[in-house]
Every structure is written in structure tokens, then in C-alpha cells.
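Taking it in order: structure first as C-alpha cells, then the write-up.
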Amino acid sequence: QVPLVESGGGLVQAGGSLRLSCTASGSIFSYMGWRRQPPGKQREGVATITWGGSTDYADSVKGRFTISRDNAKNTVYLQMSSLRPEDTAVYYCYAHFGGPLGDSWGQGTQVTVSS
């Protein structure tokens with residue numbers, strides 16, 4: 001199992017910004033991204049990026065969140081701007097690898113946006 005090192009969560013006021021990072025140490029990924037789980041709600045997709053740089057976003061975050069990657073570091077970043085209280089959630093990084101490495105999930109990081 002490939003461990004994912006996830007960081008960057010915290011407490012921010014509405015309108016502020018946070019940057020999440022996730023590293024798949026030592027492994028080349030096919031795609032990586034984040035899902036999030038708001039308190040009392042089901043987990044939902046946020047954003048994904050492929051090794052080649054193609055991106056996809058949930059409608060709820062388009063125009064506010066930007067996902068990027070540094071392939072040399074096997075790391076993806078989620079720049080979150082114009083944060084809203086409804087963005088409050090535990091954000092889980094995930095990665096899909098080719099071959100036997102399969103899928104991995106990060107431990108989750110709490111993002112709290114105060115009104």
C-alpha cells in the first residue's frame with residue numbers, strides 16, 4: 001500500500017484561502033484528487049488531476065479551487081480560495097496507481113471555515 005501524506009488543513013474565515021498538499025511518496029500516480037465529507041453529510045468529490053495535467057472539478061468549487069501537480073515530487077496541491085462555511089469538511093486525498101499498487105487514501109485533514 002502506498003502511503004499518502006496529506007497536509008494543509010486548518011481554520012480560516014470565510015473569504016480566506018488554504019492550500020492542501022498530498023504526496024504519494026515514491027510512486028507515480030495515474031490520477032490524484034480530493035473528496036470531502038462535511039459534518040453529517042456523505043462524502044463528495046472535489047477535484048481530480050491526472051499525471052498529464054487534466055483536471056476536473058465539482059460544480060460547487062469551480063472558479064474557487066485550483067488543483068495542480070508537481071510530477072517530480074509525486075505531489076498534488078489544492079489551492080482553495082474564497083472559502084465558504086459550506087466548504088467545511090474533512091478532506092481526503094486519494095491516488096490511483098497503475099498495476100498492483102491500486103488505490104490509496106490519505107488520513108484526512110480538517111478544513112473549517114468560519115462565518
Under 3.5 Å, is there a donor-acceptor pair between the side chain of [X] and the main chain of [Y]?
| X | Y | answer |
| --- | --- | --- |
| N74 | F29 | no |
| Q107 | E6 | yes |
| Y57 | R64 | no |

For the residue pair [X] and [Y], what are the closest heavy atoms and their distance?
| X | Y | answer |
| --- | --- | --- |
| S104 | V2 | OG-O, 2.7 Å |
| P85 | S115 | CG-CB, 3.9 Å |
| F97 | A24 | CZ-CB, 3.6 Å |
| P39 | A89 | CD-CA, 4.5 Å |
| V90 | G108 | CG1-CA, 3.9 Å |
| V111 | G9 | CG2-CA, 4.2 Å |

(Q) Can you classify the ring geometry of Y31 versus Y94 as parallel (below 30°), tilted (30 to 60°) or perpendicular (above 60°)? (A) perpendicular

Aromatic plane relationship, W105 with Y92 - under 30° parallel, 30 to 60° tilted, over 60° perpendicular:
perpendicular

Please confirm whether R19 makes a cation-pi placement over Y77, using NZ or CZ under 6.0 Å from the six-membered ring centre and within 45° of the ring normal.
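R19 over Y77 ring: yes.
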
Gap separating the [atom1] atom of [X] from the [atom2] atom of [Y], nearest 0.5 angstrom:
| X | Y | atom1 | atom2 | answer |
| --- | --- | --- | --- | --- |
| H96 | M32 | NE2 | CE | 12.5 Å |
| L83 | S114 | CG | OG | 10.0 Å |
| S21 | D70 | OG | CG | 11.0 Å |
| Q79 | L20 | CD | CG | 9.0 Å |
| L18 | M80 | CG | CE | 4.5 Å |
| L11 | T112 | CG | OG1 | 6.0 Å |

Is any side-chain heavy atom of [X] closer than 4.5 Å to a side-chain heavy atom of [Y]?
| X | Y | answer |
| --- | --- | --- |
| P38 | E86 | no |
| W34 | I49 | no |
| R36 | T88 | no |

Is I28 linked to I67 within one hydrophobic cluster, defined over Ile, Leu, Val, Met, Phe, Trp and Tyr using a side-chain heavy-atom separation of less than 4.5 Å?
yes

Worksheet entry | Salt bridge present between D87 and R84 (N-O < 4.0 angstrom) | no

